[in-house]
Each structure stands twice: as C-alpha cells, then as structure tokens.
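A short write-up of the structure that comes next.
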Amino acid sequence: MNEKKLNNVLSLEPKERYGYLIQKVADFEEIFVITDTVDAFVTVGDSDMKCIPVWPEHDFAKEFLTDDWADFKIKTLSLNEFYDWLDKLEMENYHIAGFPNKDLNSIVVKPQEIKSHLIYECDQYE
C-alpha cells in the first residue's frame, strides 16, 4: 500500500475508519490483529474496559509494530474464525477497538455489535 493511501485512511475520523473496516473485512473476509511474543492478543484500554484492536488490512496493523510492540506480530483471522472468536470475547467482557489510528483512537464496540455489522455488510453482497 502506498504511503499516501495509508496516511489518508488513518487520518479519517473514527466513525469513517470503522465503516472502512466493515467494508474491507466483508470484501476480503479476513481481519488483522496483533499478538505478543507468546501469541496472546494485544489489548488496549484499562481494567474497566479491555479492548482488542483490529484492522482491515495488514499494512495498517503493521504501522503499530514499533516501540513497545516492535517484537509483536500480525495475525490474520478469516471472517469465520473472527465470528467464532467474537462469541468468546463477548462472554469474557472484551470490546473491539475498530481500526485504531496511530493514537489508538477508534470506535469501541461490543463483539456482537461488530459481528452484526459484518453480517449485515456481507449480506449486501449476496
């Protein structure tokens, strides 16, 4: 991905980035997360609200592999894997940080909410 597109999309408002996330994940049926050195998914937020950040494309997630996350890696989940995982996350009171920018600013949704948005978007293609 070229630098201009990367910066243009990352500079969108959180709601617009979230819409981009939903559309791209529905298009390509995959989503990207970051895992630490022991393959645990990274979380952001505090003890009151644990959020797992997700990105629509590998290149966006790669922007976060710096500083404290320099040794971490990007994991690709198929849409079906993500759906199954969302059910578990809902039971464990996690939230999803939908396509954070470099300041970790994003829309935060419950797992079943993003699942519903993705199912709706996928249904538009049939």
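Each residue takes its place number in the sequence, starting with 1.
- Applying the side chain to side chain donor-acceptor pair (under 3.5 Å) test to pairs two or more places apart or on separate chains, those with a residue in residues 63-75 are Asp39-Lys73, Glu63-Lys102.
- Using cut-offs of 30° and 60° for the angle between ring planes, the Phe32 and His58 rings count as perpendicular.
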Mind running side-chain contact (heavy atoms from CB on, under 4.5 Å) on Ile74 and Leu65 for me, showing each step along the way?
-> CA-CA 8 Å; Ile74 299 166; Leu65 298 183; 3.8 Å; yes

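- Atom SG of Cys51 sits about 12.0 Å away from atom NZ of Lys110, to the nearest 0.5 Å.
- Between Leu21 and Ile31 there is a side-chain heavy-atom pair separated by less than 4.5 Å.
- Residue Asn101 holds its CG atom at 11.0 Å from CG of Asn7, rounded to the nearest 0.5 Å.
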Enumerate, atom names and distances included, each donor-acceptor pair closer than 3.5 Å involving a side-chain atom of residues 88-99, sequence neighbours excluded.
| residue | atom | partner | partner atom | Å |
| --- | --- | --- | --- | --- |
| Glu90 | OE1 | Gln112 | N | 2.9 |

Go through Val44 and Ser106 one step at a time and tell me if the side-chain contact (heavy atoms from CB on, under 4.5 Å) criterion holds.
-> CA-CA 11 Å; Val44 295; Ser106 69; over 6 Å; no

Hey, mind stepping through Val54 and Leu77 against side-chain contact (heavy atoms from CB on, under 4.5 Å) and telling me if it holds?
-> CA-CA 10 Å; Val54 297; Leu77 299 173; over 6 Å; no

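- Remark: Asp87 pairs with Lys115 by the salt bridge (charged side-chain N to carboxylate O under 4.0 Å, His left out) rule, at least two apart or across chains.
- Hydrophobic clustering (side-chain heavy atoms under 4.5 Å, transitive across Ile, Leu, Val, Met, Phe, Trp, Tyr) groups Val109 together with Ile119.
- The salt bridge (charged side-chain N to carboxylate O under 4.0 Å, His left out) search around Lys62 returns none, not counting sequence neighbours.
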What's the verdict on side-chain contact (heavy atoms from CB on, under 4.5 Å) for Ile114 and Ile22, showing C-alpha distance, side-chain angles and the deciding distance?
-> CA-CA 8 Å; Ile114 191 171; Ile22 297 300; 3.8 Å; yes

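- Under a 4.5 Å side-chain heavy-atom cut-off, the cluster of Ile, Leu, Val, Met, Phe, Trp and Tyr residues that includes Met49 is completed by Val108.
- Partner Trp55 forms a ring pair (Phe, Tyr, Trp, His ring centres under 6.0 Å) with one of Phe82, Phe60, Phe64 and no other, that one being Phe64.
- For residues 22-33, there are no salt bridge (Lys or Arg N to Asp or Glu O under 4.0 Å) pairs, not counting sequence neighbours.
- Of the inter-residue distances, the one linking Leu12 atom CG with Tyr20 atom OH reads 9.0 Å to the nearest 0.5 angstrom.
- Considering only heavy atoms from C-beta on, Phe41 stays 4.5 Å or farther from Ile34 through its side chain.
- Once rounded to the nearest 0.5 Å, the distance linking CG of Leu118 with CG of Leu79 reads 6.0 Å.
- Considering NZ of Lys5 and CG of Leu10, their distance stands at 11.0 Å, rounded to 0.5 Å.
- A donor-acceptor pair is defined here as one N or O able to donate and one able to accept, closer than 3.5 Å; no such pair exists between the side chain of Asp103 and the backbone of Asn105.
- A side-chain hydrogen bond (donor to acceptor under 3.5 Å, both in side chains) with Tyr18 holds for exactly one of His117, Gln23, Glu13; it is His117.
- Taking hydrophobic clusters as Ile, Leu, Val, Met, Phe, Trp and Tyr residues chained together by side-chain heavy-atom distances below 4.5 Å, Leu104 shares a cluster with Val9.
- The CH2 atom of Trp85 lies 12.0 Å from the OG atom of Ser78; values are rounded to the nearest 0.5 Å.
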